[in-house]
Amino acid sequence: MFALVDCNNFYASCERVFRPDWRKTPIAVLSNNDACLIARSDEVKELGYKLGDSYFKLRKQLQRDGVIVRSSNYALYGDLSQRVMECLEDLVPRVEVYSIDEAFLDLHGIQDLPAFSQKIARTVRQWTSIPVSVGVAQTKTLAKLANHLGKKSRGSNNVHIMEPPYPLDQIEIENVWGVGRRLSLRLRLMGIGTAQDLAELDCMTARKKFSVVLERTVRELRGESCIEIEELSPDPQHLMVSRGFKGKVTTKHQLQEAVATYASRVAEKARAKGVYAGTIQLFIRTSPFSKGPRYVNNASWTFRNPCNDNLSLVKAATRCLDTIWKEGYAYQKAGVLLTDLSTEQQRITPLFEITPRKTTGELMRMLDCMNQRYGPETVRIASSGIERPWMMSREFLSPSYTTRWKDIPTVRA
DNA sequence: TCTGGGGTCCTAGGACCC
DNA sequence: TCTGGGGTCCTAGGACCC
């Protein structure tokens, strides 16, 4: 048996952890640049606000409805997520961290599933203050659906154990894990509208007309487990840092600052994951929504010696920018992508290359250490800019209660 | 006034090889 | 004056997920 543990309204719940006075207050969390709604507490959902609604259109309404609005604070959410996952790892031996707010658990051999599932929900709530829902079933796909059903039926303490006969006819095809917008449209045209219909689809047809992925989904819906728990997350294939700007960027100097900032950030990520980049790719673009002239381009640079230090990556990204920069456009976004990643063991160093100076590695270790201790970007490359007017706005940012010394809450007894 | 960010996997099709 | 068959590898693009 598998369980899917899912944090309820995760970002909104995180904002409440250190603000118990907001327990019953409606809370909405905004995307980067405070652009649109990406998370809502139950109260906000009940008020009728939709995911992806743009903030500036709703500002007054939200104010009238007494909704607390927050900018997204990934430092906080990431840290609280880790606490939830550690809590789960304490309860069961095999846990797959599936996303920032979800995990699959292997419940093989557990006798009293209802009692154990309740215990999971209770313990996570007690230890981390984050409410979760638990769905239990025979396959991962079914556990996802069990979770979905559990959330729909209130009062069941957010635990739902699904046993045959599965109530698949109550589930719309769009809610099946692995069936997205395009697939559901195609399936509906074939008269497949519920999870039950999909479970009844012939496996060969699923594979031939669609793909092996859909065939797996069909089998999983029938109770045949095809997707295993993956405890260890494999080494990443790509790493990317991209952001939209606050306002538009029209000068090369400012775009260069952004590119250096993103390249530094992605370098940091690579070091944290212990991987080296074989190739770096830069893209810049104007807004796809604006009426002005459009421009999208990318350039890449392949290293003879795979690397993950800020200096090499910023230098390469800047070179890429030189080749694609064009005057006269209002840039809206840029991104830096690392590919051809290798680990220390896999890393190929050319036979006759001068090995990179040891000091670079040392320098990066010191840099990471200081930035971890005193906050992100305490020490950074000068070309990433000082004032940085293009940097995304986060007007309603809450403190990073758990990851920043100066933000640690004070308790008075 | 705005419209997120970061991943994975699969498939189709072209280049190239014998 | 014609043009098979069977591979591999790579890339781009499309689908999905959160």
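Order of the sequence lines sets the chain letters (A, B, ...), proteins ahead of strands, with each chain counted from 1.
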Does [X] reach a base, just sugar-phosphate, or nothing at all? Heavy atoms under 4.0 Å.
{"X": "A/Leu183", "result": "sugar-phosphate"}
{"X": "A/Pro288", "result": "nothing"}
{"X": "A/Ser31", "result": "sugar-phosphate"}
{"X": "A/Tyr55", "result": "nothing"}
{"X": "A/Val176", "result": "sugar-phosphate"}
{"X": "A/Lys246", "result": "nothing"}

Can you see if the side chain of [X] gets near the phosphate of [N] - specifically, an N or O under 4.0 Å from OP1 or OP2?
{"X": "A/Arg207", "N": "B/dT11", "result": "no"}
{"X": "A/Ser242", "N": "B/dG6", "result": "yes"}
{"X": "A/Lys333", "N": "B/dG4", "result": "no"}
{"X": "A/Lys291", "N": "B/dC2", "result": "no"}
{"X": "A/Arg243", "N": "B/dG6", "result": "yes"}

Is it true that [X] and [Y] make a salt bridge, defined as a side-chain N closer than 4.0 Å to a carboxylate O?
{"X": "A/Glu86", "Y": "A/Arg83", "value": "no"}
{"X": "A/Glu102", "Y": "A/Lys144", "value": "yes"}
{"X": "A/Arg188", "Y": "A/Glu174", "value": "yes"}
{"X": "A/Asp53", "Y": "A/Lys57", "value": "no"}
{"X": "A/Glu215", "Y": "A/Lys208", "value": "no"}

Fill in: side chain to side chain contact (heavy atoms under 4.5 Å, CB included) partner of A/Asn308, chosen from A/Arg271, A/Lys269, A/Met364, A/Lys273
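Going through the options one by one, the only one that passes is A/Arg271.
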Worksheet entry | Centroid distance under 5.5 Å and plane angle under 30°, A/Phe289 vs B/dC2 |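 No; centroid distance or tilt outside limits.
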Fill in: Earlier contact from the 5' end, DNA chain B, for A/Met392 and A/Gln237
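Result: A/Met392.
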Discussion item. Taking the nucleotide of DNA chain B with the nearest heavy atom to each, does A/Tyr74 or A/Leu239 sit closer to the 5' end?
Written reply: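 Per heavy-atom nearest nucleotide, the more 5' residue is A/Tyr74.
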In this structure, how many angstroms lie between the [atom2] atom of [N] and the [atom1] atom of [X], rounded?
{"X": "A/Tyr77", "N": "B/dG6", "atom1": "OH", "atom2": "P", "answer": "16 Å"}
{"X": "A/Asn175", "N": "C/dC17", "atom1": "CG", "atom2": "P", "answer": "10 Å"}
{"X": "A/Trp177", "N": "B/dT8", "atom1": "CH2", "atom2": "P", "answer": "15 Å"}
{"X": "A/Asp34", "N": "B/dG5", "atom1": "CG", "atom2": "P", "answer": "12 Å"}
{"X": "A/Arg182", "N": "B/dC10", "atom1": "CZ", "atom2": "C1'", "answer": "16 Å"}
{"X": "A/Asp340", "N": "C/dT11", "atom1": "CG", "atom2": "C1'", "answer": "12 Å"}
{"X": "A/Asn298", "N": "C/dA12", "atom1": "CG", "atom2": "P", "answer": "9 Å"}
{"X": "A/Lys209", "N": "B/dT11", "atom1": "NZ", "atom2": "C1'", "answer": "18 Å"}

Worksheet item: Counting side-chain heavy atoms from C-beta on, which of B/dG6, B/dT3, B/dT8 comes nearest to A/His238?
Response: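 The nucleotide sitting nearest to the side chain is B/dT8.
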Worksheet item: What interatomic distance, in whole Å, is found between C1' of C/dG4 and the corresponding atom of B/dC17?
Response: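 After rounding to an integer number of Å, I get 14 Å for this pair.
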Fill in: C/dG5 pairs with, by Watson-Crick or G-U criteria that keep both distances under 3.5 Å
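Paired with C/dG5, as far as the under-3.5 Å criterion goes, is B/dC18.
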